[in-house]
A.B. asks: 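The structure's right below; bear with me while I get my questions together.
The structure presented is a predicted model; accordingly, all values stated were derived computationally and were not measured. By convention in this document, chain letters (A, B, ...) are assigned in the order of the sequence lines, proteins followed by strands, and residues within each chain are numbered from 1.
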Protein chains: 2
Amino acid sequence: MNEDKCIRKEEIDINALYDLSELFKVFGDSTRIRIISVLMDGEMCVYHISENLGMNQSAISHQLRILRSAGLVRPRRDGKTIYYSLDDEHVETIFKTGMEHILHKHND
Amino acid sequence: MNEDKCIRKEEIDINALYDLSELFKVFGDSTRIRIISVLMDGEMCVYHISENLGMNQSAISHQLRILRSAGLVRPRRDGKTIYYSLDDEHVETIFKTGMEHILHKHND
DNA sequence: ACAATATATGAATATATGTTCATATATAAC
DNA sequence: GTTATATATGAACATATATTCATATATTGT
């Protein structure tokens with residue numbers, strides 16, 4: 001009974017786990033991590049981000065799109081310029097916990 | 001002075017950020033996330049992990065090696081069997097924070 | 001409407017990565 | 001030592017992904 005309304009625990013898990021891996025995949029690229037890193041100091045426009053990382057504007061735009069789709073950054077338009085900032089606190093929390101892990105392992 | 005001993009802040013950062021992205025890359029695969037997920041219930045041997053995920057043993061061994069190199073899981077041998085468990089609390093913390101982000105975004 | 005500037009996007013290419021198959025290593029039982 | 005079992009590893013293949021180049025879109029100023 002209620003078979004079609006019922007979502008089994010396993011199904012929920014396997015979908016959630018897939019989404020979770022997709023989320024971490026977004027953190028798992030050095031360009032995107034560096035973008036997140038500079039945005040931790042506050043919002044920044046696309047050109048300044050690309051300048052900061054020493055990469056061309058197109059590459060940055062492509063990566064910003066991926067960060068945006070994952071809900072990690074948020075754009076704000078001001079005239080021709082678009083400023084990006086981190087979307088919520090989880091982004092910083094995940095970043096910092098990961099960094100703790102690294103530093104912890106490094107001191108063994 | 002002291003130029004060769006001195007590591008500039010930027011250099012530290014760029015290396016740490018690279019390592020950080022490498023760490024998240026390890027989380028960023030659905031097979032590895034599922035392995036971490038089952039190990040959150042306690043240690044498990046390779047065969048049972050592969051049974052649990054419905055994947056062949058070789059694929060699991062390959063992924064366990066990557067998880068091991070990243071310091072996320074730890075092996076314990078008992079006879080012919082090798083039991084794997086999560087290495088430290090950071091693994092669960094990162095996993096759970098990521099999951100929070102997902103659920104949070106899902107309820108918008 | 002036109003030119004200039006900021007950002008986004010599509011296609012192409014090069015590289016990285018996950019899985020499978022076959023096989024190697026390690027331990028235990030006999 | 002031989003056989004059986006558990007896990008690990010190397011090579012090959014298929015797929016995914018990041019960057020570049022060229023170009024499109026959007027906004028502003030004239």
A.B. asks: What's the separation between atom OH in B:Y18 and atom CG in A:D29, rounded to the nearest 0.5 Å?
C.D. replies: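 So the OH of B:Y18 and the CG of A:D29 are separated by 10.0 Å.
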A.B. asks: Round to the nearest Å and state the distance from B:M55 atom CE to C:dT20 atom P.
C.D. replies: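 Taking CE of B:M55 and P of C:dT20, I get 6 Å after rounding.
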A.B. asks: I'd like to know if the side chain of B:S37 and the backbone of B:I33 have a donor-acceptor N/O pair within less than 3.5 Å.
C.D. replies: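 No, the answer is negative, given that no donor and acceptor are paired below the 3.5 Å cut-off.
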A.B. asks: Send over the distance from B:L53 CG to C:dT20 P, rounded to a whole Å.
C.D. replies: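 Taking atom P of C:dT20 as the reference, CG of B:L53 is at 12 Å.
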A.B. asks: Could you report the tightest heavy-atom contact between A:V26 and A:L72, atom names first, then the distance?
C.D. replies: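 Answer, listing the atom of A:V26 first, then A:L72: CG1-CD1, 3.5 Å.
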A.B. asks: Find out whether A:S85 and A:R76 are in side-chain contact, i.e. whether some heavy atom of one side chain is under 4.5 Å from a heavy atom of the other.
C.D. replies: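 They are not in contact (no side-chain heavy atoms under 4.5 Å apart), so the answer is no.
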A.B. asks: Show the distances under 3.5 angstrom between N or O atoms of the protein and N or O atoms of nucleotides 21-25 of chain C.
C.D. replies:
from	atom 1	to	atom 2	distance (Å)
C:dC21	N4	B:S58	OG	2.6

A.B. asks: Look up atom OH in B:Y84 and atom CG in B:L39, then write down how far apart they are to the nearest 0.5 Å.
C.D. replies: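 These two atoms lie 10.0 Å from each other.
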A.B. asks: Heavy-atom contacts under 4.0 Å between residues 70-87 of chain B and DNA chain D, which residues?
C.D. replies: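 Contacts with DNA chain D under 4.0 Å: B:K80, B:T81, B:I82, B:Y84.
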A.B. asks: Rounded to whole angstrom units, what separation is found between the CG atom of A:L67 and the C1' atom of C:dT9?
C.D. replies: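 Nearest whole value for this atom pair: 16 Å.
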A.B. asks: To the nearest Å, give me how far apart CD (B:E22) and C1' (D:dT17) are.
C.D. replies: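 B:E22 atom CD is separated from D:dT17 atom C1' by 14 Å.
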A.B. asks: Using the side-chain heavy atoms of B:R68, tell me which of these nucleotides is nearest: C:dT9, D:dA8, D:dT17.
C.D. replies: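 Shortest atom-to-atom distance from the side chain points to D:dA8.
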A.B. asks: Could you tell me how far apart B:L64 (CG) and D:dA8 (C1') are, to the nearest whole angstrom?
C.D. replies: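 Atom CG in B:L64 sits about 10 Å away from atom C1' in D:dA8.
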A.B. asks: Give me each pair satisfying ring pair (Phe, Tyr, Trp, His ring centres under 6.0 Å) with a member in residues 28-76 of chain A, each pair once, sequence neighbours excluded.
C.D. replies: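 Qualifying pairs, neighbours excluded: none.
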A.B. asks: Please check this pair: side chain of A:R77 against backbone of A:G79, looking for a donor-acceptor N/O pair closer than 3.5 Å.
C.D. replies: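 A pair under 3.5 Å: yes.
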A.B. asks: Enter the inter-axis angle for the ends of the helix from C:dA1-D:dT30 to C:dC30-D:dG1 (five pairs per end, rounded to 10°).
C.D. replies: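 Result, rounded to 10 degrees: 30°.
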A.B. asks: Parallel, tilted or perpendicular: which one describes the rings of B:H104 and A:H90, with boundaries at 30° and 60°?
C.D. replies: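 Correct class here is perpendicular.
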A.B. asks: For the side chain of B:R74 and the backbone of B:D88, is there at least one donor-acceptor N/O pair under 3.5 Å apart?
C.D. replies: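 Between the backbone of B:D88 and the side chain of B:R74 there is no qualifying donor-acceptor contact (under 3.5 Å).
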A.B. asks: Using side-chain heavy atoms (C-beta onward) and a distance below 4.5 Å, is A:F27 in contact with B:L23?
C.D. replies: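 SC-SC contact between A:F27 and B:L23 ruled out.
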A.B. asks: Does B:Q63 put a side-chain nitrogen or oxygen below 4.0 Å from OP1 or OP2 of C:dT17?
C.D. replies: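 Checking C:dT17 against B:Q63, no side-chain N or O comes under 4.0 Å of OP1 or OP2.
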A.B. asks: Rounded to the Å, how far apart are B:I66 CD1 and D:dA8 C1'?
C.D. replies: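 Atom-to-atom, B:I66 to D:dA8, this comes out as 13 Å.
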A.B. asks: Tell me the interatomic distance from A:R65, atom CZ, to D:dT17, atom P, rounded to whole angstroms.
C.D. replies: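 So the two atoms are 12 Å apart, to the nearest Å.
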A.B. asks: What pairs with B:L53 under side-chain contact (heavy atoms from CB on, under 4.5 Å), at least two apart in sequence or on another chain?
C.D. replies: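 With neighbours one apart ignored, the set is B:T31, B:R34, B:I35, B:V38, B:I49, B:M55, B:I60.
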A.B. asks: What are the two closest non-hydrogen atoms of B:G71 and A:H101, and how far apart are they?
C.D. replies: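 Of all heavy-atom pairs spanning B:G71 and A:H101, the closest is O-CE1, 3.6 Å.
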A.B. asks: So how far is it from B:L20 CG to A:L103 CG, rounded to the nearest 0.5 Å?
C.D. replies: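 Reported value, rounded in 0.5 Å steps: 9.0 Å.
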A.B. asks: What parts of residues 28-52 of chain A reach DNA chain D, counting only heavy atoms under 4.0 Å away?
C.D. replies: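 A:D29, A:T31, A:R32 - these, ordered by number, are the residues of the stretch whose heavy atoms sit under 4.0 Å from the strand.
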A.B. asks: I'd like to know if the side chain of A:N56 reaches the main chain of A:A59, judged simply by a donor and an acceptor atom lying under 3.5 Å from each other, with no hydrogens or angles considered.
C.D. replies: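 Yes; judged by distance alone, with no hydrogens or angles, the pair exists.
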